[in-house]
Amino acid sequence: MHVEVTTLKQENDKTFGNEERMFEGCKTSEGFRREDFARMSSFLGEEILKTVDDATQLEYFMGEYDDIKFQGLRHDVTAKQLTEVKLLDRLTVEQLHSGQKTVHEVQKSLENFLTKPTAIAGLYLESSKEILSFALAAKRRIIGKALALAFLEAQAATGFIIDPTTGQKFSVDDSVVRGLADNEFKSRLLEAEKAVLGYYCSGKVISVYQAMEARLLERQKGKNILEAQIASGGVIDPVRSVRVPPETAVQLGLISNTILKFLHEPSSNAKCFHNPNDRKAMYYYDLLKMCVFSVNSKCFLLPVGERKISSPSAEKSHKISVVDIRTGAEMTSYEAYQKNYVDKTTYLELSKQEFDWKESTCFDSYGNSFLLLTDLKTGVQFNIEEALKQGRIDRALVDRYKEGLITANEFGDILVSSSQTNKDLNSPIAGFWLSETNERIPVLKASRKNLVDRITALRCLEAQISTGGIIDPFTGKRYSISEALQRELIDDGCAKQIEQCELVFTGISHPVRKTVVSAVEAVNVNALDKEMGIRCLEYQYLTGGLIDPKSHSRLSMEEAIKSDLIDAITATKMKDEKLYVKFITCPKTKKKLTYKEALERAIFDCHTGLRLLEAAQPLKTGISSLYYAA
């Protein structure tokens with residue numbers, strides 16, 4: 001029995017009045033679910049401070065403190081304006097006025113929304129470890145001019161043109177003078193820069209969305225700009241010159257519910273950026289996740305080259321996230337933090353690109369509780385009590401986590417870094433791996449998500465149960481059919497079709513003598529389907545040797561013949577690869593494979609040591625999978 005208990009914070013919906021400065025006709029409609037923001041929020045964004053409920057009291061309170069100013073994206077922004085967009089609360093303003101906090105301290109805490117260069121600044125050449133601006137990369141023909149222009153437009157529309165070698169920020173005019181952008185791009189970049197400075201309509205400065213509504217900006221172009229802005233920190237309010245988190249932007253009329261909901265749906269908003277490595281169309285959000293952070297210029301760079309240092313992989317626990325050009329060092333975000341290359345805030349921002357750890361309390365079959373840490377992105381899980389028993393962490397570390405002295409992401413990184421897992425050469429295919437998301441997916445779920453066909457899923461489950469149990473790819477643990485049903489690793493339909501395969505591993509009882517017999521003998525006395533029995537023996541043979549149902553030890557074919565687990569004729573046929581049936585459909589290439597070929601294509605998961613078969617995300621068309629009943 002496996003029970004998971006989680007606590008979710010329930011927040012009351014609030015109703016906000018229309019802003020006086022909202023462009024006419026740009027009113028928000030329809031309810032917006034809070035969970036819709038999760039995907040689109042920038043990985044750089046911090047949780048916003050609590051807001052003041054009474055707008056009238058706030059206006060009176062803030063009137064005398066309007067002289068407190070901060071540096072915004074392109075001009076100063078007052079404390080009052082920051083409270084209007086819910087980036088400051090009354091308490092912080094009081095602390096500023098009394099001297100308990102300085103403008104510099106608050107400025108630093110809000111830099112992601114105010115001054116930080118958060119767009120993709122340039123390229124990182126993996127071979128030479130050079131940093132190149134997009135203009136220089138185009139001149140050296142590493143990327144085409146059109147691609148360079150697209151990335152520069154994104155910079156201009158999300159804050160400023162960035163010098164990737166120094167991290168300095170410039171207006172379009174200044175960037176052309178400094179050679180960061182070609183003069184032939186200037187008119188296009190000035191147009192993109194309006195997303196920050198604002199568009200003019202009837203004497204008012206209006207935002208991207210409002211310009212779309214006023215038909216001053218082509219709708220698809222506007223959506224692309226908004227997607228890039230949100231990915232790199234928030235929707236830009238040109239009046240106040242700040243980035244605003246998506247939820248606040250909806251309330252202020254800087255974006256609509258509908259556009260935000262479908263910002264990452266290709267049918268509504270086309271992918272307009274391209275990966276320089278393979279020319280694949282992508283959202284800006286996804287490209288930013290591929291970037292590395294330069295400790296020298298404090299900005300984000302897109303790696304270019306064959307090494308794919310920042311690409312997710314099931315075979316390595318962390319991707320390279322940080323580079324130091326001076327020394328040539330390439331590190332994970334956790335390594336960079338340990339070596340003091342980045343501060344804790346930057347480390348946690350980078351860690352959020354890879355992992356999203358969530359704590360839950362679970363109970364075993366005896367009613368004992370244990371703490372489980374799960375990464376919501378990859379599916380990887382850690383049982384804290386098991387990690388303590390194995391000596392991978394100590395009690396003091398767990399206590400620090402429980403006391404809130406280290407975050408869930410930091411605790412998860414420590415667990416991942418302390419995990420030393422060897423490849424299990426006897427592993428069947430334990431599940432599937434999505435390279436796009438670095439997600440591990442159990443066989444049943446993969447079938448329901450249309451990643452694999454029904455036959456492939458059944459064959460993979462047959463192989464698992466006949467070699468020791470149904471596998472949970474998140475933890476690497478195996479379960480009997482009854483346990484796997486409780487954990488929803490299989491359903492009733494699967495269980496009925498693979499129940500005989502479990503007997504090949506646990507042992508089959510002779511119908512008359514009631515003694516445990518081999519699979520071959522069970523086939524001879526009609527206690528086991530012949531075709532299924534031979535398949536199960538083949539799974540065992542291909543994953544390290546036939547398994548003695550009494551001792552569960554692996555035997556070579558010669559030992560298996562001596563032990564009467566298999567006869568010489570069947571053994572000879574099993575060794576002949578020409579007789580293997582192609583009953584596996586590769587979830588990536590869709591080619592037909594034998595189980596042996598599937599094992600050879602599989603990769604070993606760094607977290608469990610088990611084999612995973614890479615899958616590709618299906619097209620979002622057609623009817624959902626009907627392979628198994630829900």
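- Judged by distance alone, with hydrogens and angles left aside, the side-chain atoms of Gln617 form no donor-acceptor pair with the main-chain N or O of Leu434 at under 3.5 Å.
- When atom types are taken as modelled, the side chain of Glu191 and the backbone of Arg188 share no donor-acceptor pair closer than 3.5 angstrom.
- Other residues, nucleotides and ligands contribute more than 12 heavy atoms inside 6.0 Å of the CD atom of Glu184.
- Remark: side-chain polar atoms of Ser133 are not paired, donor with acceptor, to backbone N or O of Gly122 under 3.5 angstrom.
- Legend: residues meeting salt bridge (Lys or Arg N to Asp or Glu O under 4.0 Å) with Asp182, ordered by chain and number and at least two apart, are Lys139.
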### Task
Under the side-chain contact (heavy atoms from CB on, under 4.5 Å) rule, what do Glu247 and Lys86 come out as? Steps first, then yes or no, please.
CA-CA 10 Å; Glu247 185 171 13; Lys86 302 170 181 63; over 6 Å; no
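- Within the model, atoms CD1 of Ile143 and NE2 of His274 stand 12.5 Å from one another, a figure rounded to the nearest 0.5 Å.
- Between the side chain of Glu436 and the backbone N or O of Ala616, no donor-acceptor pair lies under 3.5 Å.
- We find that Glu330 and Arg307 are joined by a salt bridge, their nearest charged nitrogen and carboxylate oxygen being less than 4.0 Å apart.
- A salt bridge links Arg140 with Glu130: at least one charged nitrogen is closer than 4.0 Å to a carboxylate oxygen.
- Side-chain atoms of Glu227 never come within 3.5 Å of backbone atoms of Leu263 as a donor-acceptor pair (strictly under, hydrogens ignored).
- Between the side chain of Asp163 and the backbone N or O of Leu180, no donor-acceptor pair lies under 3.5 Å.
- Atoms CD1 and CG, from Ile142 and Leu132 in turn, are 5.0 Å apart once rounded to the nearest 0.5 Å.
- Between the side chain of Glu126 and the main chain of Ile309, a donor-acceptor pair closer than 3.5 Å is present.
- Although no hydrogens or angles enter the test, the distance criterion places no donor-acceptor pair under 3.5 Å between the side chain of Asp375 and the main chain of Val380.
- Checked for salt-bridge contact, Lys108 and Glu105 miss the test: no charged N lies under 4.0 Å from a carboxylate O.
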### Task
List the steps and the verdict of side-chain contact (heavy atoms from CB on, under 4.5 Å) for Leu190 and Lys186.
CA-CA 6 Å; Leu190 287 171; Lys186 187 174 179 178; 3.9 Å; yes
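- Here the straight-line distance linking atom SG of Cys291 with atom CD of Gln353 works out to 7.5 Å at 0.5 Å rounding.
- Taking a 6.0 Å sphere around NZ of Lys145, one finds it holds 12 or fewer heavy atoms contributed by other residues, nucleotides or ligands.
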### Message
Between Leu123 and Leu301, is the side-chain contact (heavy atoms from CB on, under 4.5 Å) condition met? List the steps.
### Response
CA-CA 5 Å; Leu123 299 181; Leu301 308 169; over 6 Å; no
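- Heavy-atom neighbours of Lys591 NZ from other residues, nucleotides or ligands within 6.0 Å: at or below the threshold of 12.
- Remark: side-chain polar atoms of Lys298 are paired, donor with acceptor, to backbone N or O of Val295 under 3.5 angstrom.
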#### Entry: From CA spacing to verdict: salt bridge (charged side-chain N to carboxylate O under 4.0 Å, His left out), Glu265, Lys271
CA-CA 9 Å; Glu265 291 294 331; Lys271 299 177 181 181; over 6 Å; no
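- Ion pairing of Glu439 with Lys377 is absent here, as no side-chain N (NZ or NE/NH1/NH2) approaches a carboxylate O to less than 4.0 Å.
- Scanning all heavy atoms of the two residues, the minimum distance from Ser256 to Tyr209 falls at CB-OH, 3.4 Å.
- Partners of Arg178 under the salt bridge (Lys or Arg N to Asp or Glu O under 4.0 Å) rule, at least two apart in sequence or in another chain, do not exist in this structure.
- Remark: Glu153 CD to Phe151 CZ distance equals 11.5 Å, nearest 0.5 Å.
- Put simply, the side chain of Thr158 gets close to the backbone of Ala154: a donor and an acceptor are under 3.5 Å apart.
- The environment of Lys588 atom NZ is sparse: at most 12 non-hydrogen atoms of other residues, nucleotides or ligands sit within 6.0 angstrom.
- For Asp76, the salt bridge (Lys or Arg N to Asp or Glu O under 4.0 Å) test picks out no residue, with sequence neighbours left out.
- For His104, the NE2 atom is loosely surrounded, since the number of other residues' heavy atoms within 6.0 Å does not exceed 12.
- Remark: the Gln71 side chain and the Thr115 side chain contain no N/O donor-acceptor pair separated by less than 3.5 Å.
- In this structure, Ser207 OG and Glu213 CD are separated by 9.5 Å, a value rounded to the nearest 0.5 Å.
- Other residues, nucleotides and ligands contribute over 12 non-hydrogen atoms within 6.0 Å of the NZ atom of Lys344.
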### Task
Kindly indicate, with the supporting measurements, whether the criterion side-chain contact (heavy atoms from CB on, under 4.5 Å) is fulfilled by Ile68 and Phe70.
CA-CA 7 Å; Ile68 302 176; Phe70 301 86; 3.9 Å; yes
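- Exactly one of Gln220, Lys223, Arg219 qualifies for a side chain to side chain donor-acceptor pair (under 3.5 Å) with Asn269. That residue is Gln220.
- Ion pair Lys280/Asp278 not flagged as a salt bridge, since none of the NZ, NE, NH1 or NH2 atoms sits closer than 4.0 Å to an Asp/Glu carboxylate oxygen.
- Between Asp413 and the options Tyr347, Tyr334, Tyr337, a side chain to side chain donor-acceptor pair (under 3.5 Å) holds for only Tyr347.
- With no hydrogens or angles considered, a side-chain donor-acceptor pair links Arg440 and Asn438 at under 3.5 Å.
- Residue Lys308 qualifies as open at atom NZ: its count of foreign heavy atoms under 6.0 Å is 12 or below.
- The minimum heavy-atom distance between Asn409 and Leu348, with the atom names listed, is CB-CD2, 4.5 Å.
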